[in-house]
Amino acid sequence: MTNVPLPDFGFSLGGHRLAGLHPLPPLAQGQALAVAVSSYRGRVRLGVRGRFVSPARTADLRDALDASMAELLAV
């Protein structure tokens, strides 16, 4: 897991303000899962990247992340 802090000023691309930036964590050889968190302009974004052998495993990870985020937001 990594935290990628970003400066708190507005970025633009081609004259258009960016609403959000989503981190894409590097996935090293032999690594199954990488997680990155970035904060930008008062919002926190989560990036998850993994190597899975089946769509069912991806769905399991998605469901676990959804449940974890709901638990965090309820606190």
Handout entry: Any donor-acceptor N/O pair, Ser12 side chain to Gly15 backbone, under 3.5 Å
Key = no
Practice task
Spell out, as yes or no, whether a donor-acceptor pair under 3.5 Å connects the side chain of Gln31 to the backbone of Ala28.
Solution key: yes
Handout entry: Joint cluster assignment, Val35 & Leu65, ILVMFWY side-chain distance < 4.5 Å
Key = yes
Problem - Transitive ILVMFWY side-chain link Leu73 to Val37, under 4.5 Å - result: no
Handout entry: Heavy atoms of other groups near Arg57 CZ, more than 12 under 6.0 Å
Key = no
Side chain proximity check, [X] to [Y], heavy atoms < 4.5 angstrom:
| X | Y | answer |
| --- | --- | --- |
| Leu24 | Arg49 | yes |
| Arg45 | Pro23 | yes |
| Leu61 | Leu33 | yes |

Fill in the blank from the handout: dist Asp60:CG -> Ser54:OG (nearest 0.5 Å) comes out at 7.5 Å
Practice task
Heavy atoms only: give me the nearest Ala36-Pro25 pair and the separation to one decimal.
Solution key: CB-CB, 3.7 Å
